[in-house]
Amino acid sequence: MKAVKTHVGRCDTCGEPAAYAQLLAGGRSFRFCEQHAPLVVKKQAEAAASSNKK
């Protein structure tokens, strides 16, 4: 599983603009707004974003 921050698409749960995307094998993905993102997805996406900025 890979998680990233995004501004593309809508939350799969409520339809609000997506803030995080969980990327799975086979090209599948789940998108989450700030409210519905699981903690593990948030942590992994924040870590990936901070490592890309260095």
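These numbers come from the heavy atoms of this one structure, side chains and all, not from hydrogens, waters or symmetry mates. Counting from 1, the numbers follow the sequence of the chain as shown.
- Here the shortest heavy-atom pairing between Ala47 and Ser50 reads O-OG, 3.0 Å.
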Dump the intermediate steps for side chain to side chain contact (heavy atoms under 4.5 Å, CB included) on Cys11 and His36, then the final yes or no. CA-CA 8 Å; Cys11 176; His36 292 114; 3.8 Å; yes

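- What you find for Ser29 and Asp12 is that their closest heavy atoms are O-OD2, 4.2 Å.
- Residue Lys5 comes nearest to Ala49 through the heavy atom pair CD-CB, 4.0 Å, listed as atom of the first residue, atom of the second, then distance.
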With side chain to side chain contact (heavy atoms under 4.5 Å, CB included) as the test, would you mind laying out the steps for Gln44 and Gln22 before giving the verdict? CA-CA 9 Å; Gln44 190 170 13; Gln22 180 182 17; over 6 Å; no

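- Between the Lys42 side chain and the Glu34 main chain, a donor and an acceptor come within less than 3.5 Å of each other.
- Closest of all the heavy-atom pairs between Tyr20 and Cys33 is CD1-O, 4.4 Å.
- Taking hydrophobic clusters as Ile, Leu, Val, Met, Phe, Trp and Tyr residues chained together by side-chain heavy-atom distances below 4.5 Å, Val4 does not share a cluster with Leu24.
- Phe32 and Leu23 are not part of a single hydrophobic cluster, where members link through side-chain heavy atoms under 4.5 Å apart.
- Heavy atoms only, all atoms of each residue included: Thr6 and Arg31 are closest at CG2-NH1, 4.4 Å.
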Apply salt bridge (charged side-chain N to carboxylate O under 4.0 Å, His left out) to the pair Arg10 and Glu16, showing each step before the final yes or no. CA-CA 5 Å; Arg10 298 268 177 193; Glu16 290 294 316; 5.6 Å; no

